[in-house]
Amino acid sequence: MRDLKLTNTLSHRKELFVPINEGRVGMYVCGPTVYGDAHLGHARPGVTYDVLSKLLRHLGYKVRYVRNITDVGHLEHDADEGADKIARKARLEQLEPMEVVQTYTLRYHEAMRQLNVAPPSIEPRASGHIIEQIEAVKKILDAGYAYISNGSVYFDVQKYNADHQYGILSGRNLDETLEGTRNLDGQSDKRAPYDFALWKKAEPEHIMRWPSPWSDGFPGWHLECSVMGEKYLGNEFDIHGGGMDLMFPHHECEIAQNVASRGTRGVHYWVHNNMITINGQKMGKSLGNFITLPQLFSGDHPKLDQAYSPMTVRFFILQAHYRGTLDFSNDALKAAEKGLAKLMAAARDLYAMCGAKEPAYAYGEISEAVAPDECKATSAEVKAAWESVYDSLCDDLNTPGAVSALFEAVRIINSAKAGSVKLSAEDLEALRQLFDDIVFGVLGLVDEQNAGGASMGVIDGLMSMVLESRAAAKAAKDWAASDHIRDTLAALGIKVKDTKDGVEWSL
RNA sequence: GGUGCUUGGGCCGGGAGGUUAGGCACUGGUCUGCAAAACCAGUUAGAGCGGUUCAAUUCCGCUAGGCACCUCCA
């Protein structure tokens with residue numbers, strides 16, 4: 001099996017990935033809070049960890065991928081005051097909170113499906129694990145790292161910090177945290193500003209509430225991930241992913257809760273994806289500068305020149321490294337759109353050269369088979385591109401490096417088509433496998449032009465009829481008629497290309 | 001204020017102490033009735049100052065911008 005390196009936030013270094021159980025990987029990723037449409041920012045972890053899980057599977061690991069749905073509203077501002085986000089949305093839309101949850105869960109799923117993000121192995125909901133969360137609070141209380149205050153339970157950060165280190169993930173110490181934390185006007189039930197809620201007593205108007213030994217209330221936000229991670233992946237598991245903005249306090253609190261309730265930090269590799277920016281500024285719900293995925297796919301937003309297909313968005317994300325920020329702009333999206341079209345055109349030519357109609361794994365799960373450790377005997381250039389793709393992906397999920405190498409493969413394919421290079425059967429087979437396994441498998445790209453299904457059959461038939469007429473006009477040197485057909489088709493969004501091997505068209 | 005990251009061609013963006021990143025855009029050539037696509041060739045870089053080194057865009061320091069986190073956020 002090939003070595004895989006991942007940047008572990010705990011050490012701030014690239015580390016060799018070694019799973020706890022040989023051949024198996026447990027991975028947990030923080031999912032969305034479902035009170036609004038997913039935006040471009042949500043697409044990033046969706047795609048990033050989708051690619052990571054697919055790469056792990058391709059390398060031969062059996063992967064259990066858990067991504068939660070947060071459907072218990074956490075509080076909008078400080079943990080002590082403010083409105084529950086889901087409940088607030090419910091009031092605004094005059095719905096039950098769970099109707100809000102259902103609506104946006106379904107819309108999130110749909111957006112992820114369009115991006116060809118495979119569903120996780122398990123998608124647990126916070127509301128379905130209240131009992132487990134209450135048990136965890138009890139354990140933390142028993143361990144002495146929490147206190148009860150006016151019906152709520154808070155984590156005693158100072159006590160914890162005396163015995164363990166609070167802040168190991170985000171690299172800060174408690175004194176600094178104290179300095180940086182705003183004071184709470186003395187209204188708080190908390191002993192210290194950096195303490196966080198494990199259980200919160202519900203105010204009378206609070207709708208989402210459950211009984212507990214301490215009060216009718218709801219669990220603290222950080223607790224659900226600790227509890228569900230343990231339940232489905234065990235006391236310790238391999239990978240925990242999420243957005244960089246969750247590193248502190250969310251993931252820091254998770255670690256503290258894990259140590260306090262079960263005596264282990266729980267996670268071996270912390271992986272954090274960076275943010276998507278717009279004009280250099282983070283795109284976020286709280287900043288109100290986000291573009292939702294449905295808007296992006298339809299083009300319905302003042303900042304958008306046009307609609308961008310889900311695959312364009314996916315490719316756009318893959319062209320940057322997950323740990324760097326990625327700046328949104330129409331120009332960047334358009335560039336991605338064209339680059340993707342070039343890649344897909346080469347894929348079609350490749351499959352045609354191989355006599356295959358379409359990629360083997362385009363629309364399903366990638367194969368569970370172990371990736372070949374070495375490329376079969378092929379010409380130097382094909383082999384170099386192949387190696388470069390695998391080296392990049394295994395080097396901290398360097399998707400832009402892999403994409404770059406794939407365009408080397410594109411150049412080879414195009415040269416072969418143009419007749420300036422002759423590819424051996426082994427070369428063709430190696431390239432086809434590279435596209436099957438990596439382009440359509442691990443990177444999860446879909447050739448949207450080929451994905452039309454049954455309706456494409458009809459269009460194929462119509463197109464060949466129309467192009468026959470044009471060929472007849474051309475044969476008669478009736479350029480006006482020939483160009484009229486081409487221009488009319490172009491106006492419909494269909495491009496016609498005359499090649500030396502005949503006429504090609506694409507949408 | 002604290003902590004961390006970052007600064008690259010017209011745009012988006014990887015890697016590497018010395019050898020082409022890649023995509024988009026642009027220019028010239030080949031092909032074509034014309035166009036498009038493709039192929040071949042090419043143009044535009046590495047914030048400023050100093051240091052280490054045979055060699056730095058890559059390592060170190062300083063200065064100046066920028067960003068993120070420190071409050072819910074992917």
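Sequence lines set the chain letters: A, B, ... in the order given, protein chains first and strands last, and positions in each chain run from 1.
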Quick one: [X] [atom1] to [N] [atom2], roughly how many Å, whole number?
{"X": "Lys282(A)", "N": "C72(B)", "atom1": "NZ", "atom2": "P", "result": "11 Å"}
{"X": "Arg470(A)", "N": "U32(B)", "atom1": "CZ", "atom2": "P", "result": "16 Å"}
{"X": "Leu343(A)", "N": "C12(B)", "atom1": "CG", "atom2": "P", "result": "22 Å"}
{"X": "Leu246(A)", "N": "A68(B)", "atom1": "CG", "atom2": "P", "result": "16 Å"}
{"X": "His251(A)", "N": "U71(B)", "atom1": "NE2", "atom2": "P", "result": "16 Å"}
{"X": "Leu293(A)", "N": "A74(B)", "atom1": "CG", "atom2": "P", "result": "12 Å"}
{"X": "Asn289(A)", "N": "A74(B)", "atom1": "CG", "atom2": "P", "result": "13 Å"}
{"X": "Lys477(A)", "N": "U32(B)", "atom1": "NZ", "atom2": "P", "result": "12 Å"}

Set of residues satisfying ring pair (Phe, Tyr, Trp, His ring centres under 6.0 Å) with respect to [X], sequence neighbours excluded:
{"X": "His42(A)", "value": "His39(A)"}
{"X": "His109(A)", "value": "none"}
{"X": "Tyr269(A)", "value": "Phe17(A)"}

(request) Sort and list the pairs that fulfil side-chain hydrogen bond (donor to acceptor under 3.5 Å, both in side chains) and have at least one residue in residues 238-248 of chain A, not counting sequence neighbours. (result)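 Sorted pair list: His240(A)-Glu254(A).
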For the side chain of [X], starting at C-beta, report the closest nucleotide among [options].
{"X": "Asp483(A)", "options": "A74(B), C34(B), A21(B)", "result": "C34(B)"}
{"X": "Ser482(A)", "options": "C69(B), G33(B), A74(B)", "result": "G33(B)"}
{"X": "Asn273(A)", "options": "A74(B), G22(B), C70(B)", "result": "A74(B)"}
{"X": "Met283(A)", "options": "C69(B), A74(B), C72(B)", "result": "A74(B)"}

(message) Suppose we screen for side chain to side chain donor-acceptor pair (under 3.5 Å). Which residues come up paired with Arg411(A), at least two apart in sequence or across chains?
(response)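 Here the qualifying residues are Glu381(A), Glu408(A).
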Using atom [atom1] in both nucleotides, what's the gap between [N] and [M] to the nearest angstrom?
{"N": "U27(B)", "M": "A37(B)", "atom1": "P", "answer": "12 Å"}
{"N": "G14(B)", "M": "G8(B)", "atom1": "C1'", "answer": "12 Å"}
{"N": "C39(B)", "M": "A47(B)", "atom1": "P", "answer": "32 Å"}
{"N": "U6(B)", "M": "G48(B)", "atom1": "C1'", "answer": "16 Å"}
{"N": "C34(B)", "M": "G9(B)", "atom1": "C1'", "answer": "34 Å"}
{"N": "G42(B)", "M": "G4(B)", "atom1": "C1'", "answer": "41 Å"}
{"N": "U7(B)", "M": "C49(B)", "atom1": "C1'", "answer": "15 Å"}
{"N": "A25(B)", "M": "C31(B)", "atom1": "P", "answer": "23 Å"}

(message) Consider ring pair (Phe, Tyr, Trp, His ring centres under 6.0 Å). Of His12(A), His250(A), His251(A), which one does Trp270(A) pass it with?
(response)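 Considering His12(A), His250(A), His251(A), a ring pair (Phe, Tyr, Trp, His ring centres under 6.0 Å) with Trp270(A) is found only for His251(A).
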(message) For G23(B) and Lys338(A) - does any side-chain N or O of the residue sit under 4.0 Å from the phosphate oxygens OP1/OP2?
(response)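 Result: no.
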(message) Using heavy-atom distances to pick each residue's nearest nucleotide on RNA chain B, tell me which of Gly243(A) and Ala480(A) is more 5'.
(response)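 Between the two, 5'-proximity favours Ala480(A).
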(request) Could you say whether Met275(A) or Ser404(A) is positioned toward the 5' end of RNA chain B, judged by the nucleotide with the nearest heavy atom to each? (result)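 The residue whose closest nucleotide sits nearer the 5' end is Ser404(A).
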(request) Assess the side chains of Asn330(A) and Tyr308(A): does a donor N or O sit below 3.5 Å from an acceptor N or O? (result)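 Their side chains do contain a donor-acceptor pair, which is all the 3.5 Å distance test asks for.
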Not counting sequence neighbours, which residues clear side chain to side chain contact (heavy atoms under 4.5 Å, CB included) with [X]? List them please.
{"X": "Ile122(A)", "value": "Arg64(A), Val66(A), Pro124(A), Tyr232(A)"}
{"X": "Met247(A)", "value": "Thr9(A), Leu169(A), Ser170(A), His272(A)"}
{"X": "Pro219(A)", "value": "Val72(A), Ile130(A), Gln133(A), Trp199(A), Trp210(A)"}
{"X": "Leu92(A)", "value": "none"}

(message) Could you check G29(B) for me: syn (within 90° of 0) or anti?
(response)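 This nucleotide is in anti.
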(message) Can you tell me how the ring of Phe435(A) sits relative to the ring of Phe440(A), calling it parallel under 30°, perpendicular over 60° and tilted otherwise?
(response)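 Tilted.
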Tell me what [X] touches on the nucleic acid: a base, only sugar-phosphate, or nothing, going by heavy atoms under 4.0 Å.
{"X": "Lys497(A)", "result": "base"}
{"X": "Gly242(A)", "result": "sugar-phosphate"}
{"X": "His12(A)", "result": "nothing"}
{"X": "Val496(A)", "result": "base"}
{"X": "Met244(A)", "result": "nothing"}

(message) Could you check whether atom CD of Gln158(A) has more than 12 heavy atoms from other residues, nucleotides or ligands sitting under 6.0 Å from it?
(response)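 Open: at most 12 neighbouring heavy atoms sit under 6.0 Å from CD of Gln158(A).
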(request) Check whether any side-chain N or O of Asn398(A) sits under 3.5 Å from a backbone N or O of His321(A) as a donor-acceptor pair, and report yes or no. (result)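 Looks like no, no N/O pair under 3.5 Å.
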(message) Looking at Glu252(A) and Gly167(A), would you say the former's side chain and the latter's main chain have a donor-acceptor pair under 3.5 Å?
(response)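 Side chain of Glu252(A) to backbone of Gly167(A): a pair is present.
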(request) Please state whether the base of C5(B) and the side chain of Asn274(A) form at least one donor-acceptor pair under 3.5 Å? (result)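 Answer is no: no donor-acceptor pair is held.
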(request) Kindly indicate whether the side chain of Arg486(A) and the base of A36(B) share any N or O donor-acceptor pair separated by less than 3.5 Å? (result)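 Between A36(B) and Arg486(A), which were checked side chain against base, a qualifying N/O pair under 3.5 Å is absent.
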Contacts under 3.5 Å, N or O only, protein and nucleotides 13-16 of chain B:
| from | atom 1 | to | atom 2 | distance (Å) |
| --- | --- | --- | --- | --- |
| G13(B) | OP1 | Asp327(A) | N | 2.7 |
| G13(B) | O2' | Gln319(A) | O | 3.3 |
| G14(B) | OP1 | His321(A) | N | 2.6 |
| G14(B) | O2' | Asn398(A) | OD1 | 3.3 |
| G14(B) | O2' | Asn398(A) | ND2 | 3.0 |

(request) For Trp479(A) and G33(B), say yes or no: do the ring centres fall under 5.5 Å of each other while the ring planes differ by less than 30°? (result)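 Check passed, Trp479(A) stacks on base of G33(B).
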Below 3.5 Å between N/O atoms, which protein atoms pair up with nucleotides 38-40 of chain B? Just atom names and distances, please.
| from | atom 1 | to | atom 2 | distance (Å) |
| --- | --- | --- | --- | --- |
| A38(B) | O3' | Asn414(A) | ND2 | 3.3 |
| C39(B) | OP1 | Asn414(A) | ND2 | 3.1 |

(request) Give the dot-bracket string for RNA chain B, reading 5' to 3', where a pair is Watson-Crick or G-U wobble with both distances under 3.5 Å, ( ) marks pairs inside the strand, [ ] marks pairs crossing earlier ones, | marks a partner on another strand, and . marks unpaired. (result) (((((((..(((.....[...))).(((((.......)))))....(((((..]....))))))))))))....
